[in-house]
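To start, the structure under review is shown below, and the notes come after it.
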Amino acid sequence: MHKPLILIVEDEGSISNFIASMLASNGYRFVKAETGQEAAAMAASHMPDLALLDLGLPDVDGIEVLKQLRAWSDVPVIVVSARGHEREKVEALDLGADDYITKPFGTHELLARIRTALRHSQRRGGAEPLSAFVVGDLKVDYDKRLLWLAGKEVHFTPIEYKILVLLSQHAGKVLTHDFIIKEVWGPYANEHQALRVNMANIRRKLEQNPAAPRYILTEVGVGYRIAEE
Ligand code: CA
């Protein structure tokens, strides 16, 4: 079986070793880069299946590495960022990063993000569009344009439905506020307030406890993510 190859871009030896041993014991192969320049070269020479990209590198900003990479490659990229750097996470996502993880992170969290990103990149390979999205008791039926919760139909406005379809088509992935607004309201919209209101309404209809949501997760300062499992 093909073991996925992960490029670890990280200048702190202790973190890079921690990630490497975690990957090795979970069925992945890895290569390591410590600088942005090294990262760009290794992405081209090793063609990894996924890259973990630290944004704070000694030579160039990780954001620059991402930009260069996206000019020729759609390899899944998970950005590794420090707590409190929400704007840089948003920028990375809008520049084509697939996900981000905040330092310090645990083994379970990192492995889950890697699995999700790898699954999405395999799906991009021209699979048939799904006719429905199912997670827990929630089912979004794209063919019939209906939503079901524990077998009962739930009514949504056209905007709420559009938001849910968008999130579910990127399940497991965080979508930035700006991305959702552009996709739902159009390229010149600035509907941050409307997004908040619609999201609150969706949650009221879906979540048993909107304060501890099961389906739609808030990524503070960044966006929203729909649960995948
Ligand atoms: Ca660093």
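Ligands are counted one by one from 1 in listed order, and the atoms in each one are counted from 1 as well.
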Is any N, O or S atom of D54 under 3.0 Å away from the Ca ion (ligand 1)? yes
Please find the N/O/S atom of D11 nearest to the Ca ion (ligand 1) and write down its name. OD1
Would K139 pass as a cation-pi partner of F133, given that its NZ or CZ must be under 6.0 Å from the six-membered ring centre and within 45 degrees of the axis? no
Can you confirm if the aromatic rings of H85 and Y100 lie within a centre distance of less than 6.0 Å? no
Closest contact, heavy atoms only, R225 versus E219: NE-OE2, 2.9 Å
How are the rings of F18 and F105 set relative to one another: parallel (under 30°), tilted (30 to 60°) or perpendicular (over 60°)? tilted
Short check: any N/O/S atom of G56 below 3.0 Å from the Ca ion (ligand 1)? yes
